Enquirer: 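Pasting a structure below so you can have a look.
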Amino acid sequence: MFSNLLPVSNTPFYVSYKDYAKTHFLKDFEKKYKGKQWEKTEASYMEDLRRLRMPNNKTQQTMQVDQLRFKNDCWIFKYDFRIAGTNESTKSSGNRIIGFIDSKANKLEILLIYGKTDLPKNMGETAYINSIINNFYPEIDKLF
């Protein structure tokens, strides 16, 4: 849940993957879930993320998202999603997206996409997220 709500707008976010997320995380999902199953999953979460701040969209007030950092019109958040065609809930699936929002620039960038089983055994989820942001996204880390 966002403790600092995004400003409401009728303009959807421009959503994109950062290169590191594509090369280190996205490919694993594409290999594991072939064809239509992954295409439907990706289309679903991309649409949810685009509409995150639109009127009548209550996603940012649900347990599906967790605000991790906020400062000046910028957010880092965790978004839970499930794979299309499975019976798992979004929370219990263990699939996560870590996103960065710059609301003034109208952009949402996907920094990480992972399953909880992908986490290192010797590190908690929050520590893992922070280490990736610190090491691979220093320009974003400096904003907070």
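These values consider heavy atoms only, across backbone and side chains, with no hydrogens, waters or symmetry-generated copies. Given the structure is predicted, the values throughout are model-derived calculations rather than measurements.
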Enquirer: Given side chain to side chain contact (heavy atoms under 4.5 Å, CB included), test Tyr128 with Asp118 step by step and report yes or no.
Expert: CA-CA 10 Å; Tyr128 176 69; Asp118 300 329; 6.0 Å; no

Enquirer: Linking I/L/V/M/F/W/Y whenever their side-chain heavy atoms sit closer than 4.5 Å, directly or via other members, would Ile101 and Met54 fall into one cluster?
Expert: no

Enquirer: Within the side chain of Asp102, is there an N or O that forms a donor-acceptor pair under 3.5 Å with the backbone of Lys104?
Expert: yes

Enquirer: How about Asn72: does its CG atom have over 12 heavy atoms from other parts shown lying under 6.0 Å from it?
Expert: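 It does not: Asn72 CG has 12 such atoms or fewer within range.
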
Enquirer: Any non-hydrogen side-chain atom of Arg51 less than 4.5 Å from a side-chain atom of Thr59?
Expert: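 When only atoms from C-beta onward are counted, Thr59 and Arg51 do not touch, as no gap falls below 4.5 Å.
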
Enquirer: Using a strict threshold of under 4.0 Å (side-chain N to carboxylate O), is an ion pair present between Arg69 and Asp141?
Expert: yes

Enquirer: Identify every side-chain donor-acceptor pair in residues 3-18 under 3.5 Å, counting partners at least two apart or on other chains, and give the distances.
Expert:
{"from": "Ser3", "atom 1": "OG", "to": "Gln67", "atom 2": "NE2", "distance (Å)": "3.2"}
{"from": "Asn4", "atom 1": "OD1", "to": "Gln67", "atom 2": "NE2", "distance (Å)": "2.8"}
{"from": "Ser9", "atom 1": "OG", "to": "Thr11", "atom 2": "N", "distance (Å)": "3.0"}
{"from": "Tyr17", "atom 1": "OH", "to": "Glu42", "atom 2": "OE2", "distance (Å)": "2.5"}
{"from": "Tyr17", "atom 1": "OH", "to": "Tyr45", "atom 2": "OH", "distance (Å)": "2.4"}

Enquirer: When rounded to the nearest 0.5 angstrom, what distance separates CG in Asn130 from CG in Leu68?
Expert: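 Those atoms lie 8.0 Å apart.
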
Enquirer: Do Cys74 and Phe144 have side-chain heavy atoms sitting under 4.5 Å apart?
Expert: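 SC-SC contact between Cys74 and Phe144 confirmed.
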
Enquirer: With side chain to side chain contact (heavy atoms under 4.5 Å, CB included) as the criterion, how do Ile133 and Leu111 come out once you've worked through the C-alpha distance, each side chain's angles and the decisive distance to 0.1 Å?
Expert: CA-CA 8 Å; Ile133 292 170; Leu111 308 178; 4.3 Å; yes

Enquirer: For Leu52 and Tyr79, what are the C-alpha separation, side-chain angles and deciding distance, and is it a side chain to side chain contact (heavy atoms under 4.5 Å, CB included)?
Expert: CA-CA 11 Å; Leu52 197 55; Tyr79 172 84; 5.6 Å; no

Enquirer: Which atoms form the tightest heavy-atom contact between Trp75 and Ser103, and what is the distance?
Expert: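 Scanning both residues, the minimum pair turns out to be CZ3-OG, 3.7 Å.
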
Enquirer: Grab the two heavy atoms, one from Asp80 and one from Arg96, that are nearest each other, plus how far apart they are.
Expert: OD1-CD, 2.9 Å

Enquirer: Is there side-chain contact between Gln64 and Asp48, with heavy atoms separated by less than 4.5 Å?
Expert: yes

Enquirer: Looking only at atom types and distance, does a side-chain atom of Thr41 sit under 3.5 Å from a main-chain N or O of Gln37, one as donor and one as acceptor?
Expert: yes

Enquirer: Once rounded to the nearest 0.5 Å, what's the spacing between atom CG of Asn95 and atom CD1 of Ile83?
Expert: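 Separation between the atoms: 4.5 Å.
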
Enquirer: Roughly how far, to the nearest 0.5 Å, is CG of Asp66 from CZ of Phe2?
Expert: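 Phe2 CZ to Asp66 CG: 9.0 Å, rounded to 0.5 Å.
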
Enquirer: Considering all heavy atoms of both residues, which atom of Ala21 and which atom of Tyr137 are nearest to each other, and what is their separation?
Expert: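 Heavy atoms of Ala21 and Tyr137 come nearest at N-OH, 3.6 Å.
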
Enquirer: Distance from Leu108 atom CG to Phe77 atom CZ, nearest 0.5 Å?
Expert: 4.0 Å

Enquirer: Once rounded to the nearest 0.5 Å, what's the spacing between atom CZ of Phe136 and atom CG of Asn134?
Expert: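 That separation rounds to 10.5 Å.
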
Enquirer: Rounded to the nearest 0.5 Å, how far does CG of Leu49 lie from CD1 of Ile97?
Expert: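 Here the interatomic distance stands at 5.0 Å.
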
